[in-house]
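Computed from a prediction, not measured in an experiment: that's the story for all the values here. Just follow the structure's listing: the first ligand is 1, and inside any ligand the first atom is 1.
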Amino acid sequence: MTTPADAPKWPRQIPYIIASEACERFSFYGMRNILTPFLMTALLLSIPEDLRGAVAKDVFHSFVIGVYFFPLLGGWIADRFFGKYNTILWLSLLYCVGHAFLAIFEHSVQGFYTGLFLIALGSGGIKPLVSSFMGDQFDQSNKSLAQKAFDMFYFTINFGSFFASLSMPLLLKNFGAAVAFGIPGVLMFIATVFFWLGRKRYVHMPPEPKDPHGFLPVIRSALLTKAEGKANIGLVLALIGGVSAAYALVNIPTLGIVAGLCSAMVLLMGFVGFGASLQLERARGVHPDAAVDGVRSVLRILVLFALVTPFWSLFDQKASTWILQANDMVKPSWFEPAMMQALNPLLVMLLIPFNNFVLYPAIERMGVKLTALRKMGAGIAITGLSWIVVGTIQLMMDGGSALSIFWQILPYALLTFGEVLVSATGLEFAYSQAPKAMKGTIMSFWTLSVTVGNLWVLLANVSVKSPAVTEQIVQTGMSVTAFQMFFFAGFAILAAVIFALYARSYQMQDHYRQV
Ligand SMILES: CN(CC(=O)O)C(=O)CN
């Protein structure tokens with residue numbers, strides 16, 4: 001029986017991290033939400049109007065790609081050199097400087113782009129570290145509270161993003177760019193101060209020295225060690241990955257720079273990882289058993305992350321495909337389609353407490369154990385369901401029905417329910433499953449799953465430009481838009497089924513630190 005004395009205790013430093021995250025997310029979503037309108041109506045005015053939209057999109061997506069690439073750099077620097085606290089603090093200061101550049105250089109393209117680069121470096125660099133640092137504050141005695149802390153963390157992200165989504169477009173319109181970009185900068189500075197204030201209370205995990213038995217050395221040994229009488233199929237697969245990556249790079253003119261680079265990265269990682277997993281046992285003589293087992297568990301986590309990527313494909317299209325649909329729906333004259341975006345953080349703030357206090361306890365009372373993997377699998381499937389609803393709305397519109405924009409509330413609710421199950425749960429899952437020396441890196445791979453999810457969207461968009469594919473779609477009797485919606489719904493539901501099957505054989509790890 002648990003007595004009050006040994007009941008798990010909340011680490012008192014958690015509020016500093018959560019308050020800092022709320023301010024940081026306000027600053028991030030605040031500047032991100034006004035970036036495209038600012039580029040279109042101010043910074044890029046010298047570009048002819050018909051070309052301006054494409055340039056603005058390029059700038060925006062290059063910025064987003066940076067944000068999701070730099071987590072790898074931040075994770076590596078923290079794990080190997082400076083530790084999480086120092087890396088977060090210094091990158092946060094750089095992030096503040098980036099915001100200052102945006103506010104100061106509202107008339108200078110070069111100054112403004114430098115600001116964007118610094119923000120991508122800062123926000124991307126700290127993104128996986130903050131959640132991982134929060135996990136470090138828990139140990140075996142109170143790890144049962146960690147999921148609640150990650151849920152609170154996710155709640156405050158959306159608290160920040162909700163107010164930013166509503167207020168920043170109005171600030172840009174009424175007070176101009178210097179004020180609109182300055183305010184997120186002030187919020188980021190406050191976020192840094194909050195984080196710094198907790199410094200004496202935090203648990204600091206030291207960086208790990210270069211390990212000859214780390215992830216990459218073990219992978220290399222697995223691929224390069226010969227086994228008598230056996231072919232080196234793993235190495236052949238790794239080489240196929242290298243050649244395919246080179247092919248994707250050569251095809252950048254067709255795929256576009258972003259899709260080409262991301263495809264090359266995914267192909268290389270996929271083939272090398274799969275090849276190494278086939279002959280990981282060959283590394284056993286070269287490295288200690290614990291190192292080889294650690295690598296196997298990391299590769300298993302990466303398979304789960306790969307199966308989460310379809311969720312991100314669907315989730316991030318609420319900012320593109322769903323807005324385009326909303327444009328053609330019936331709405332009050334004062335209502336902007338993009339304002340539907342604010343529904344997502346609002347619903348996250350409602351669903352997290354509802355799930356934790358009402359839904360999860362009710363389901364557990366019915367005898368169903370809600371593991372992280374069950375929640376994530378269900379979340380991916382529910383996200384697929386939201387796209388069946390959106391696809392059905394599209395079919396009705398294509399058939400000539402005039403539908404109110406408020407019909408989108410249902411798919412938004414389903415999508416956000418899926419998000420809370422997948423993304424909020426996945427943060428804690430990723431942390432708890434990562435071996436100590438690889439926490440920053442694994443959290444970065446979790447963030448990278450967002451990039452890969454967006455890659456599937458880019459590739460789907462490239463493929464529907466091909467006349468052969470369009471012809472096939474026409475034969476189904478659906479518009480390309482409706483077809484794509486059902487395609488993505490099926491993509492997520494298939495991923496959910498594979499996720500559920502794979503999860504059955506997944507051995508849960510416990511990498512919380514000892515007391
Ligand atoms: C995508 N996220 C997480 C984040 O860190 O921004 C959301 O919270 C979207 N609702």
Side-chain angles (χ1 to χ4, degrees), residues 17-33 35 63-64 67-68 70-71 74-75 88 92 95 119-120 122-135 149-166 168 184 187-188 191 305 308-320 322-323 338 340-353 355 376 379-380 382-383 386 411-431 443-454 457:
I17 302 176
I18 289 188
S20 167
E21 180 73 4
C23 296
E24 187 274 328
R25 286 289 91 184
F26 183 110
S27 97
F28 177 75
Y29 282 110
M31 61 77 47
R32 182 185 187 267
N33 288 358
L35 183 55
F63 169 69
V64 173
V67 171
Y68 290 105
F70 286 123
I88 295 171
S92 295
Y95 194 166
I119 292 180
S123 99
I126 68 170
K127 183 97 194 84
L129 297 180
V130 180
S131 41
S132 173
F133 188 65
M134 191 175 73
F150 276 99
D151 280 347
M152 277 161 56
F153 184 78
Y154 210 82
F155 180 97
T156 51
I157 286 177
N158 286 276
F159 181 81
S161 123
F162 176 68
F163 289 104
S165 306
L166 286 184
M168 296 315 292
L187 264 290
M188 187 54 218
F305 287 3
V308 170
T309 59
F311 159 78
W312 290 113
S313 307
L314 275 67
F315 180 77
D316 279 343
Q317 284 188 79
K318 74 175 168 28
S320 54
W322 287 23
I323 292 194
M340 288 300 277
Q341 294 292 294
L343 252 186
N344 170 257
L346 181 67
L347 285 166
V348 170
M349 288 191 287
L350 295 174
L351 281 171
I352 286 184
N355 286 355
M376 290 167 75
I380 302 172
I382 291 169
T383 308
S386 73
Y412 262 100
L414 288 168
L415 184 86
T416 310
F417 187 39
E419 175 199 347
V420 170
L421 291 173
V422 176
S423 179
T425 312
L427 268 182
E428 194 271 340
F429 172 80
Y431 178 84
M443 297 304 273
S444 317
F445 276 117
W446 173 249
T447 316
L448 206 63
S449 70
V450 184
T451 310
V452 179
N454 281 277
V457 181

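- Cation-pi check for R25 over F28 is met; the charged atom lies under 6.0 angstrom from the ring centroid and within 45 degrees of its normal.
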Would you tabulate the side-chain donor-acceptor contacts of residues 312-319 under 3.5 Å, counting partners in other chains and residues two or more places apart, or write 'none'?
from, atom 1, to, atom 2, distance (Å)
W312, NE1, S449, OG, 3.3
S313, OG, T309, O, 3.4
S313, OG, G453, O, 2.8
D316, OD2, N454, ND2, 2.8
Q317, OE1, T321, OG1, 2.6
Q317, NE2, S313, O, 3.1

Please tabulate, for the side chains in residues 152-162, all donor-acceptor contacts under 3.5 angstrom to protein atoms that are two or more places apart in sequence or on a different chain.
from, atom 1, to, atom 2, distance (Å)
Y154, OH, E419, OE2, 2.6
Y154, OH, S423, OG, 2.8
T156, OG1, M152, O, 3.3
T156, OG1, F153, O, 2.8
N158, ND2, Y154, O, 2.8

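- Of all heavy-atom pairs spanning I380 and V422, the tightest one is N-CG2, 3.5 Å.
- To the nearest 0.5 Å, atoms CE (M134) and OH (Y431) are separated by 10.0 Å.
- With sequence neighbours left out, the side chain to side chain donor-acceptor pair (under 3.5 Å) criterion links S92 to no other residue.
- Within 4.0 Å of ligand 1, contacts by protein heavy atoms are made from R25, Y29, K127, Y154, I157, N158, F315, N344, E419.
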